[in-house]
Amino acid sequence: MDGSNVPDAAPVLILLGPPGAGKGTQARKLEEGFGLVQLSTGDLLRAAVAAGTEAGKQAKAVMESGALVSDEIVLAILKDRLAEPDCAKGVILDGFPRTTVQAEALDELLKASGQRINAAISLDVDDAEMVTRIAGRFTCGGCGEGYHDTFKAPVVAETCDKCGSTEMVRRADDNAETVASRLEAYHAQTAPLIDYYDGKGALVRVDAMGDIGAIASDLGAIVSRVSA
Ligand code: ADP
Ligand code: ADP
Ligand code: ZN
């Protein structure tokens with residue numbers, strides 16, 4: 001595959017940030033507000049693990065350890081997803097790229113179809129906050145809506161506000177030991193992308209220590225500006 005299915009005019013946005021920064025939470029809001037498509041490589045990899053594909057089998061143990069899955073597997077999964085028709089609306093990349101190799105491959109992929117990155121938005125939070133956010137995280141198994149024990153509890157306990165499902169899921173890798181490795185991977189392999197995108201004039205930094213609604217409105221203003 002040598003291009004993506006996103007037309008020239010449709011926005012390509014990247015949400016950068018450590019695990020637990022709120023990328024998934026904010027990507028879903030942007031999806032609703034701007035009609036964009038959220039592409040989470042974490043979600044795509046978890047689906048591959050659940051489906052038992054060859055890539056999923058290789059990714060499973062790596063994800064459980066908190067390390068990064070190989071660039072080769074992630075790029076193959078991402079390229080396939082980008083080629084699907086709904087991506088023509090524009091995309092929010094959530095959790096991708098996570099290494100310089102992935103960032104360079106994305107540049108090539110977009111160049112091949114005459115596109116550009118509208119913005120790489122870095123959600124800045126400190127390490128202590130990430131640990132608190134990850135420790136309380138759970139997700140609706142019905143629709144994927146994200147929740148938090150303290151910061152975003154459902155109105156009715158254990159019941160999704162959006163779809164009414166009572167199947168709530170906690171991720172196997174959201175445990176204290178794995179979180180330390182994920183933070184390490186973030187600082188060593190992903191944080192350098194902040195400079196990478198700054199060098200291209202695409203970086204926008206957002207203070208992501210505030211509440212979900214305030215950050216969503218900051219992001220909305222940024223996305224309106226860079227997509228114009
Ligand atoms: P990421 O996709 O960056 O790993 P998530 O969006 O899954 O992060 O958020 C991690 C956890 O923190 C979830 O439980 C979510 O409900 C909660 N959360 C997200 N943003 C905030 C925020 N601004 N303040 C408090 N909790 C938040
Ligand atoms: P979080 O934002 O909380 O770190 P994700 O769902 O984005 O969680 O990722 C979960 C795991 O999936 C990562 O710890 C890593 O093992 C793998 N993963 C997700 N995206 C990538 C990527 N772009 N490159 C390599 N590994 C990835
Ligand atoms: Zn739901």
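Bear in mind the structure is a predicted one, so any value in this text is a computation, not a measurement. As the structure lists them, so they are numbered: ligands from 1, and atoms in each ligand from 1.
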For the [atom1] atom on [X], are there more than 12 heavy atoms of other groups (residues, nucleotides or ligands in this structure) within a distance under 6.0 Å?
X	atom1	answer
Lys60	NZ	no
Glu32	CD	yes
Glu64	CD	yes

Contact partition for [X] relative to ligand 2, non-hydrogen atoms under 4.0 Å:
X	value
Leu68	both
Ala67	backbone
Arg171	side chain

Under 3.5 Å between any N/O of [X] and any N/O of ligand 2: does that happen in this structure?
X	answer
Val69	yes
Asp43	no
Gly95	yes
Pro97	no

Report yes if some N/O of [X] lies less than 3.5 Å from some N/O of ligand 1; otherwise report no.
X	result
Lys23	yes
Gly210	yes
Thr25	yes
Ala208	no
Ile134	no
Ala21	yes
Arg137	yes

Measuring from atom 8 (O) of ligand 1, which candidate in Pro19, Gly136, Gly22 has the nearest non-hydrogen atom?
Gly22
Are any of the heavy atoms in Ser40 under 4.0 Å away from ligand 1?
no
Sub-4.0 Å heavy-atom contact, Gly17 with ligand 1
no
Output the list of atoms in ligand 2 that are nearer than 4.0 Å to some heavy atom of [X], sorted by atom number.
X	result
Arg46	6 (O), 10 (C)
Gly42	5 (P), 6 (O), 9 (O), 19 (C), 20 (N)
Gln102	22 (C), 23 (N), 24 (N), 25 (C)
Leu45	12 (O), 17 (C), 18 (N), 19 (C), 27 (C)

Should the pair [X]-[Y] be classified as a salt bridge under the 4.0 Å nitrogen-to-oxygen rule?
X	Y	value
Asp86	Arg81	yes
Arg170	Asp149	yes
Lys89	Glu31	no

Write out the residue and atom name of the closest protein heavy atom to [atom], then the distance separating them to 0.1 Å.
atom	value
atom 20 (N) of ligand 1	Ile212 CG1, 3.5 Å
atom 24 (N) of ligand 1	Arg133 NH2, 3.4 Å
atom 4 (O) of ligand 2	Arg98 NH2, 2.8 Å
atom 14 (O) of ligand 1	Tyr147 O, 2.6 Å
atom 12 (O) of ligand 2	Met63 CE, 3.3 Å

If we only count heavy atoms from C-beta on, is the [X] to [Y] side-chain gap below 4.5 Å?
X	Y	value
Leu45	Ile73	yes
Phe96	Leu39	no
Leu15	Ile92	yes

How many degrees, to 10°, between Cys160 SG and Cys163 SG as seen from the Zn ion (ligand 3)?
110°
What is the minimum heavy-atom distance between [X] and [Y], and which atoms define it?
X	Y	result
Thr159	Pro154	O-CB, 3.1 Å
Arg182	Asp174	NH1-OD1, 3.0 Å
Ala10	Ala88	CB-O, 3.4 Å

Between [atom1] on residue [X] and [atom2] on residue [Y], distance to nearest 0.5 Å:
X	Y	atom1	atom2	result
Arg28	Lys162	CZ	NZ	6.5 Å
Asp173	Thr178	CG	OG1	6.5 Å
Asp218	Gln26	CG	CD	9.0 Å
Thr41	Arg98	OG1	CZ	5.5 Å

Distance filter under 4.0 Å to [X] heavy atoms, resulting ligand 1 atoms:
X	result
Gly24	1 (P), 2 (O), 6 (O)
Asp211	23 (N)
Ile215	23 (N)
Phe151	25 (C), 26 (N)

Specify side chain, backbone, both or neither for Pro18, according to which of its non-hydrogen atoms lie closer than 4.0 Å to ligand 1.
backbone
Step by step, work out the side chain to side chain donor-acceptor pair (under 3.5 Å) result for Gln115 and Ser113.
CA-CA 6 Å; Gln115 299 164 255; Ser113 40; 2.6 Å; yes
Before giving the answer on side chain to side chain donor-acceptor pair (under 3.5 Å), spell out for Tyr196 and Asp107 the whole-Å C-alpha distance, their side-chain angles and the decisive distance to 0.1 Å.
CA-CA 12 Å; Tyr196 180 89; Asp107 286 343; 2.4 Å; yes
